[in-house]
Amino acid sequence: MIFYSTTKTSAPVSLKKATLEGLAPDGGLYVPSTMPHFSREEIDLLQSGSFKNIAFAIAKKFAGDEIPLDALSRLVEECFTFETPLHQLDTDTYVEELFHGPTLAFKDYGARFLARLTGFFAALDRRMITVLVATSGDTGSAVAYGFHGIPDTRVILLYPSGKVSRLQEQQLTTAGDNVFALEVKGDFDDCQRLVKQAFVDDSLRQKLTLTSANSINISRLIPQSFYYAWASLQLADRHPGHLPLFSVPSGNYGNLTAGVMAKMMGFPIGHFIAASNANDSVTRYLEEGRFEPKQTVRTLTTAMDVGNPSNFSRLLHFYNGNFRSMGQDITGIAVSDEETVETIRSVYQQYHYIMDPHTAVGYRALEQYRRQHPGKASPGVVLSTAHPVKFDDAIMKAIDRAVPLPKAMETIMNKPKTATMIGNRYEELARFLSGLDR
Ligand SMILES: *Cc1c(COP(=O)(O)O)cnc(C)c1O
């Protein structure tokens with residue numbers, strides 16, 4: 001499959017190039033030249049398939065002839081070693097739990113698929129690929145555990161010392177083997193600056209093949225379309241004649257963009273709710289047709305604190321820049337911190353189900369949408385983007401209850417931390433990187 005940049009000024013590229021480059025040289029984001037499409041018959045055949053069957057069918061269309069089918073099938077098999085349950089709350093409301101991967105958040109889907117594609121392409125070229133990431137927590141841990149043990153790749157993570165939670169720090173510093181954590185004496189901006197400097201350091205780049213694995217990579221979005229497709233087919237069975245509504249807690253809008261891709265591919269999806277916190281630039285765009293990114297404001301749902309979402313340009317591209325047609329598929333709803341806490345509490349009281357705050361934003365937005373559109377009988381799916389234990393302060397505040405640590409996480413909490421402390425000057429990062437084998 002061919003990909004081109006949203007700004008359309010640089011040359012079209014293969015899946016391999018789009019994956020290894022991340023961002024196009026013209027600064028745009030890669031999008032498929034034409035969206036793959038599933039016919040009615042193909043979808044009917046997938047209806048009774050497993051998650052992995054559906055994942056493979058979609059991946060095949062994006063990979064084209066770049067990855068042999070047996071290798072692709074193995075890759076999908078290795079990525080999705082955990083469940084994607086659809087937890088039913090009442091007759092027409094579901095929570096799709098995307099937090100059963102190794103780092104307990106949906107970012108595992110994207111990171112694990114990207115890691116294995118990167119490993120496949122690295123082996124093809126017989127070279128070592130070095131992934132360099134600055135992280136304030138969640139993306140870094142998914143990348144660390146995603147790339148862990150993948151041959152021909154290694155990960156260098158930079159995180160700000162003392163500025164991530166203990167659970168996050170354990171996830172960042174315990175993978176070991178081909179994953180190296182650098183604890184930077186500074187803040188997240190220092191980490192980002194150091195990484196940017198490394199990417200423009202020519203002498204370093206002659207020695208190492210660097211890539212960024214960040215959230216704008218198209219190969220992180222492709223696997224996120226799998227769980228929309230999967231859920232839509234499950235629900236088509238249970239609610240014949242009604243297309244499901246997906247409520248998506250959004251920050252950079254990668255997750256929502258992946259949903260739009262699944263719908264455009266032909267999967268039976270009705271509508272999307274873009275659920276945001278006080279960082280509501282996309283919500284306001286959907287209401288007014290004007291995109292005015294704002295300074296990021298801090299909220300309870302930190303993973304959604306993005307003032308200028310990077311995937312917005314992809315969404316615009318998919319709707320030809322037309323806000324009315326985007327509005328036909330997506331409704332934006334913003335939720336306050338107070339409403340979020342209230343929702344965690346009321347859902348717990350009503351269903352004995354503990355939701356993480358990000359998921360609660362999605363649930364609240366779905367409730368609000370239903371109030372504004374009475375009489376529509378669509379099944380609603382809230383994407384649950386994180387396990388509640390990751391945000392147990394907020395849970396404690398809302399329902400005065402501790403969330404038990406899942407088994408996998410307990411193991412990570414008990415592993416010894418391994419990190420190299422560095423200062424915030426570029427020379428220190430450069431010295432570490434030049435000490436790596438080629
Ligand atoms: C990253 C993240 C989000 C936001 O996802 P986007 O794809 O950036 O919109 C929501 N919830 C959690 C828990 C996350 O980690």
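Values below: all heavy atoms of this structure, side chains included; hydrogens, waters and symmetry mates excluded. Whatever order the structure lists ligands and atoms in, that order sets their numbers, starting from 1. A quick note: this is a predicted structure, and the numbers were derived from the prediction, not measured.
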Visitor: Does Pro249 reach ligand 1, in the sense of a heavy atom lying below 4.0 Å from it?
Guide: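 Heavy atoms of Pro249 do come under 4.0 Å of ligand 1.
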
Visitor: Looking only at protein heavy atoms, which one is nearest to atom 7 (O) of ligand 1, and what is the separation?
Guide: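 Checked against all protein heavy atoms, atom 7 (O) of ligand 1 sits closest to Asn255 N, 2.9 Å.
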
Visitor: For atom 8 (O) of ligand 1, grab the closest protein heavy atom and report residue, atom and distance to one decimal in Å.
Guide: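 Protein heavy atom with the smallest distance to atom 8 (O) of ligand 1: Asn252 N, 2.8 Å.
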
Visitor: Would Lys61 and Phe38 count as a cation-pi pair here, with the cationic atom under 6.0 angstrom from the ring centre and within 45° of the axis?
Guide: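 Flagged: Lys61 positioned over aromatic ring of Phe38.
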
Visitor: Checking a contact table here: which protein heavy atom is nearest atom 12 (C) of ligand 1, and how many Å away?
Guide: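 Here the nearest protein heavy atom works out to Thr385 OG1, 3.4 Å.
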
Visitor: Can you find an N/O atom of Gln224 closer than 3.5 Å to an N/O atom of ligand 1?
Guide: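 By distance alone, the answer is no.
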
Visitor: In ligand 1, which numbered atoms sit nearer than 4.0 Å to a non-hydrogen atom of Gly254?
Guide: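 Going through ligand 1 atom by atom, the ones under 4.0 Å from Gly254 are 6 (P), 7 (O), 9 (O).
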
Visitor: Given side chain to side chain contact (heavy atoms under 4.5 Å, CB included), test Glu42 with His37 step by step and report yes or no.
Guide: CA-CA 9 Å; Glu42 284 176 295; His37 195 264; 6.0 Å; no

Visitor: Find all atoms of ligand 1 within a distance of less than 4.0 Å from any non-hydrogen atom belonging to Met304, and give their numbers and elements.
Guide: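 Atoms satisfying the 4.0 Å criterion: 10 (C).
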
Visitor: Report the nearest protein non-hydrogen atom to atom 5 (O) of ligand 1: residue, atom name, distance rounded to 0.1 Å.
Guide: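 Closest protein heavy atom to atom 5 (O) of ligand 1: Phe106 CZ, 3.4 Å.
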
Visitor: Would you check the N or O atoms of Tyr253, main chain and side chain alike, for any that come under 3.5 Å of an N or O of ligand 1?
Guide: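 Checking ligand 1 against Tyr253, an N or O pair does fall under 3.5 Å apart.
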
Visitor: Do the side-chain N and O atoms of Glu21 and Tyr30 include a donor-acceptor pair separated by under 3.5 angstrom?
Guide: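 Yes.
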
Visitor: For Asn279 and Ser276, test the side chains for any donor-to-acceptor distance below 3.5 angstrom and give the result as yes or no.
Guide: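 Checked: Asn279/Ser276 side chains show no N/O donor-acceptor pair below 3.5 Å.
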
Visitor: State, to 0.1 Å, how close Tyr227 and Glu96 come at their nearest heavy-atom pair, and which atoms those are.
Guide: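 Closest approach of Tyr227 to Glu96: O-OE2, 2.9 Å.
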
Visitor: What atoms of ligand 1 come closer than 4.0 angstrom to any heavy atom of Ala386?
Guide: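 The atoms of ligand 1 under 4.0 Å from a heavy atom of Ala386 are 13 (C).
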
Visitor: At under 4.0 Å between heavy atoms, is it the side chain or the backbone of Lys107 that contacts ligand 1, or both, or neither?
Guide: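 It is the side chain that gets close, since no backbone atom is under 4.0 Å.
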
Visitor: Could you tell me the residue and atom name of the protein heavy atom closest to atom 4 (C) of ligand 1, and the distance to it rounded to 0.1 Å?
Guide: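 Looking only at protein heavy atoms, the one closest to atom 4 (C) of ligand 1 is Gly251 N, 3.5 Å.
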
Visitor: Between Asp280 and Lys294, is there a salt bridge with N-O shorter than 4.0 Å?
Guide: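 A salt bridge links Lys294 with Asp280.
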
Visitor: Do you know the tightest heavy-atom contact between Gly259 and Ile269?
Guide: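 Nearest pair, atom of Gly259 first, then Ile269: O-CD1, 4.3 Å.
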
Visitor: According to side-chain contact (heavy atoms from CB on, under 4.5 Å), who are the partners of Asp177, at least two apart in sequence or on a separate chain?
Guide: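 Asp177: side-chain contact (heavy atoms from CB on, under 4.5 Å) contacts with His148.
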
